[in-house]
Amino acid sequence: MSEKRSSFTGKIGFVLAAAGSAVGLGNIWRFPYLAAKYGGGIFLLVYIILAVTFGFALMAAEIALGRKTGQSAIGAFKSLDKRYSFVGVLASVIPAIILPYYSVIGGWVTKYLAVFVSGGASATAADDYFTGFISKTGEPVVWFLIFIALTAIIVLLGVEKGVEKVSKVMMPVLIALTIFIAVYSMFMPGAMEGVKYYLTPDFSKFSIKTVLAAMGQLFYSMSLAMGIMITYGSYMKKDVNLEKSVRQIEIFDTGIAFLAGLMIIPAVFAFSGGDESALGKGPSLMFITLPKVFDSMKGGTVIGAIFFLLVLFAALTSSISLMETVVSIVRDKFGWNRKAVCIGVLIFCIVLGLPSCFGFSIWGEIAVNGLSILDMFDFVSNSVLMPIVAFLTCIFVGYVLKPKALIEEVELSGPFKAKKLFTVVIKYIAPVCILLILISSVLDTLGIMKI
Ligand code: PHE
């Protein structure tokens, strides 16, 4: 490649950009829903234990792989062992699948923000508002295009001037807004029931399902197993402390997920009179239930607008990481310039995103097992490909490359305090757990075993 490889300017830039990738829609709509479903406090406890062990080791491995090789996924695996290039190829397919449909949802968020800001908030509280919107043919496409264009512009500006700069602004704002809404929501009348439910561990609700659900969520939430952290690691300078950075990204990611629970669970409890089932899954929570909650609260239009702004920031920094990963893989492979590759990736995403939009309108009848086209992309990438890539990465690092090679990479920038934990998790614990996630999530989605 003719141009020098870009890099983040320093530690803060790296941590904020990686945290920006990790903190996304998953933290805000999926985590609170899972926490409510799997017993509140006990889920929280399990999640935190897994984050500091399992999540830590996997993230450190990916970042170290990237920094060691200075390459994105395909090049990284290839340069270490040619026989394992296919793992890099598989990892690279995942962001290319996720980016288009993630941007379709990003478009919905952008639309809701626009409606709240322009004073139309109360309309969104109507029962059929959301389904009415996504089943239109043209409008969701327009919002999808706006969101993906925003993402592309930032990626086009480059690692330092685009990704890093934007993360440095959006991430602190995101934290401040999240804290603000969480506090506001906790003080609503009737909210304390929800806070108690969320924070008190009820050990009778603990089961293997709690662990599997927490682990699956952790994976997705930390943007693991899809080449993102390898790419971001390849932009990390050798003197930035790798272990500390991983810890900070984790705190960020888990902290925002925790706050999202505080923001959403008490408010929904207050609204529904303590009915946990009101915390329905994913889209319905964010686009149907919450607008009703906002409509019922004092100052709800302003709070709602702030909420959708913070969700937009979370979604944007994640989609940026997805696009940057795809762009960097193509550039590493062919050496083309950033602008040409960005435009190519943008066109690819538009083409692949349209079916997800149309899956709710003109192609609404294409649904397998109740899954829309968007759900199917989500299933293939998150429930099938990601666990496979994570499993192969552990096998590669644990038994082919050997953990020592990555431990040495981490030690270039300071002592690696958790290296024993790292080795044990990568070699033994993670591969077994990941296989369990794979089996359970496939069975679950196919409706064979409802977890
Ligand atoms: N980690 C992001 C979240 O929690 C999701 C994401 C997945 C981002 C894949 C990028 C890539 O929502």
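Numbering of ligands and ligand atoms starts at 1, following listing order.
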K.L.:
Would the F422 and F416 ring centres measure less than 6.0 Å apart?
P.N.:
yes
K.L.:
Between R338 and E324, does at least one N-O distance fall below 4.0 Å, as a salt bridge requires?
P.N.:
yes
K.L.:
Taking 4.0 angstrom as the limit and counting only heavy atoms of S21, give me the atoms of ligand 1 inside it, by number and element.
P.N.:
1 (N), 2 (C), 8 (C)
K.L.:
Tell me if the aromatic rings of Y198 and F269 count as close, with their centers under 6.0 Å from one another.
P.N.:
no
K.L.:
Between R67 and S413, does any side-chain donor sit less than 3.5 Å from a side-chain acceptor?
P.N.:
yes
K.L.:
Do any nitrogen or oxygen atoms of S318 lie less than 3.5 angstrom from nitrogen or oxygen atoms of ligand 1?
P.N.:
no
K.L.:
Which value, rounded to the nearest 0.5 Å, describes the distance between M215 atom CE and C433 atom SG?
P.N.:
4.0 Å
K.L.:
Are any of the N or O atoms of V23 closer than 3.5 Å to those of ligand 1?
P.N.:
no
K.L.:
What atoms in ligand 1 come closer than 4.0 Å to a heavy atom of I228?
P.N.:
10 (C), 11 (C)
K.L.:
Relative to ligand 1, is Y102 under 4.0 angstrom through side chain, backbone, both or neither, heavy atoms considered?
P.N.:
side chain
K.L.:
Could you identify the single nearest non-hydrogen protein atom to atom 7 (C) of ligand 1 and state the distance to 0.1 Å?
P.N.:
Y220 CE1, 3.6 Å
K.L.:
Could you tell me whether R30 approaches ligand 1 through its side chain, its backbone, both or neither, with non-hydrogen atoms closer than 4.0 Å?
P.N.:
neither
K.L.:
Under 6.0 Å between the ring centres of W108 and F130?
P.N.:
yes
K.L.:
Using a strict 4.0 Å cut-off to heavy atoms of M226, name the atoms of ligand 1 that fall inside it.
P.N.:
7 (C), 9 (C), 11 (C)
K.L.:
Under a 3.5 Å cutoff, is there a donor and acceptor pairing between the side chains of S21 and S318?
P.N.:
no
K.L.:
Any idea which protein heavy atom is nearest atom 12 (O) of ligand 1, and the distance to it?
P.N.:
G26 N, 2.6 Å
K.L.:
Under 4.0 Å from a heavy atom of N27: which atoms of ligand 1 are those, numbered in the order shown and with their elements?
P.N.:
3 (C), 4 (O)
K.L.:
Check this for me - ligand 1, I98, N or O atoms closer than 3.5 angstrom, yes or no?
P.N.:
no
K.L.:
At what distance is the nearest protein heavy atom to atom 11 (C) of ligand 1, and which residue and atom is it?
P.N.:
L322 CD2, 3.1 Å
K.L.:
Using a strict 4.0 Å cut-off to heavy atoms of S221, name the atoms of ligand 1 that fall inside it.
P.N.:
1 (N), 4 (O)
K.L.:
Under 3.5 Å between any N/O of S223 and any N/O of ligand 1: does that happen in this structure?
P.N.:
yes
K.L.:
Are F77 and Y84 an aromatic pair by the rule of ring centers under 6.0 Å?
P.N.:
no
K.L.:
Does the side chain of I63 reach to within under 4.5 Å of the side chain of I249, using non-hydrogen atoms?
P.N.:
yes
K.L.:
Considering only heavy atoms of A22, which atoms of ligand 1 have at least one such atom less than 4.0 Å away?
P.N.:
1 (N), 2 (C), 3 (C), 4 (O)
K.L.:
Between E243 and K417, is there a salt bridge with N-O shorter than 4.0 Å?
P.N.:
no
